[in-house]
Amino acid sequence: PGDDFHVCALDTAAGELRVGAMICYDREFPESARILMLKGAELILTPNACHLDDRRLAQFRTRAFENMVGVAMTNYATPQHNGHSVAFGADGTPLAEADEAEQICLAAFDLDALRAYRARHIWGNAYRRPHRYGLLTAPDVAPPFARDDGFGEPFERAKR
């Protein structure tokens with residue numbers, strides 16, 4: 001999982017593109033994509049290794065919409081998992097979805113349209129109120145979410 005979320009600049013035919021990456025477990029939490037957006041990501045790439053059902057696909061689509069970033073996720077095909085690699089535009093528009101078979105699936109991201117969308121709408125970082133979000137970084141876990149680790153000891157998030 002690593003200790004940070006990184007964004008790099010790629011030189012493309014359409015100009016510089018800021019790309020972030022997160023793994024499949026990071027996809028489960030909104031903060032991961034939010035950190036990448038705050039670091040300047042315009043596109044988030046996500047390798048995945050689990051069964052993708054409608055809920056997880058909707059969750060990933062939401063990461064695009066709430067952060068105004070393009071997202072693309074690859075997943076293992078059947079029989080290891082169930083495929084359904086996807087890509088969504090910054091407004092949540094589906095750009096591509098593979099089926100369960102092994103295949104190459106291409107998605108085109110229009111960077112000019114993505115940047116224009118980000119410049120005129122309210123999501124992303126435009127009207128956030130971080131001074132109200134202190135609880136998001138609190139280490140405490142209240143029931144029913146307190147868990148033990150695999151050894152029967154209380155799970156300590158700070159060590160992860």
### Query
Going only through I, L, V, M, F, W and Y residues with side-chain contacts under 4.5 Å, is there a path from L38 to V69?
yes

### Query
Side chains of R34 and R128: does their closest heavy-atom pair fall under 4.5 Å?
yes

### Task
Tell me, with the steps shown, if M37 and M68 meet side-chain contact (heavy atoms from CB on, under 4.5 Å).
CA-CA 8 Å; M37 179 274 295; M68 301 177 76; over 6 Å; no

### Message
Distance check, rounded to the nearest 0.5 Å: L111 atom CG versus T12 atom OG1?
### Response
5.5 Å

### Query
Could you go step by step and tell me if V7 and L36 meet the side-chain contact (heavy atoms from CB on, under 4.5 Å) rule?
CA-CA 7 Å; V7 174; L36 289 166; 3.8 Å; yes

### Query
How long is the span from the CG atom in D149 to the CZ atom in R147, to the nearest 0.5 Å?
13.0 Å

### Task
Would you check if the side chain of D91 reaches a backbone N or O of T93 as a donor-acceptor pair within less than 3.5 Å?
yes

### Query
More than 12 non-hydrogen atoms from neighbouring residues, nucleotides or ligands closer than 6.0 Å to OH on Y133, yes or no?
yes

### Query
Which atoms form the tightest heavy-atom contact between A126 and I122, and what is the distance?
CB-O, 3.6 Å

#### Entry: Residues, nucleotides or ligands: over 12 heavy atoms within 6.0 Å of D148 CG
yes

### Query
If you take all heavy atoms of A41 and G20, which pair is closest and at what distance?
CB-N, 3.9 Å

#### Entry: Reported NE2-to-CZ distance for the pair H131 and R129, which is rounded to 0.5 angstrom
6.0 Å

### Summary
The reported gap from CZ in R63 to OG1 in T46 (rounded to nearest 0.5 angstrom) is 10.5 Å

### Query
How close do R115 and E16 get, heavy atom to heavy atom, and via which atoms?
NH2-O, 2.5 Å

### Summary
Note: M22 and F60 closest approach over all heavy atoms is CE-CE1, 4.1 Å

### Query
Which heavy-atom pair separates A64 from G89 by the least distance, and what is that distance?
CB-O, 3.4 Å

### Task
Indicate if L95 and L10 have the same hydrophobic cluster label, given that clusters are the connected sets of ILVMFWY residues with side-chain heavy-atom separations under 4.5 angstrom.
yes

#### Entry: Heavy-atom check, side chain of R61 versus side chain of P94, under 4.5 Å
yes

#### Entry: Pairwise distance CZ(R18) to NZ(K39) - rounded to 0.5 angstrom
10.0 Å

### Spacing of D26 atom CG and F5 atom CZ [to the nearest 0.5 Å]
4.0 Å

## Note on the structure
Given the options S85, P47, C24, N75 meets side-chain contact (heavy atoms from CB on, under 4.5 Å) only with S85

### Residues L57, V86; criterion side-chain contact (heavy atoms from CB on, under 4.5 Å); working and verdict
CA-CA 8 Å; L57 292 171; V86 293; 3.7 Å; yes

### Query
L114 and I44: same hydrophobic cluster, using ILVMFWY side-chain contacts below 4.5 Å?
no

### Task
Spell out, yes or no, whether L136 and F29 are grouped together once hydrophobic residues are joined by side-chain heavy atoms under 4.5 Å, including indirect joins.
no

### Message
Apply side-chain contact (heavy atoms from CB on, under 4.5 Å) to residues R118 and E42 and explain how you reach the verdict.
### Response
CA-CA 9 Å; R118 292 178 78 165; E42 298 172 290; 3.2 Å; yes

### Query
Which heavy atom of D112 sits nearest a heavy atom of D110, and at what distance?
N-OD1, 3.1 Å

### Query
L52 versus N82: any side-chain heavy-atom pair under 4.5 Å?
yes

### Message
Whether E28 and R56 form a salt bridge (side-chain N of Lys/Arg under 4.0 Å from carboxylate O of Asp/Glu) is what I want to check.
### Response
yes

## Note on the structure
In short, ring pair (Phe, Tyr, Trp, His ring centres under 6.0 Å) pairs touching residues 85-124 with sequence neighbours left out are F65-W123, Y117-H121, H121-W123

### Query
More than 12 non-hydrogen atoms from neighbouring residues, nucleotides or ligands closer than 6.0 Å to CZ on R120, yes or no?
yes

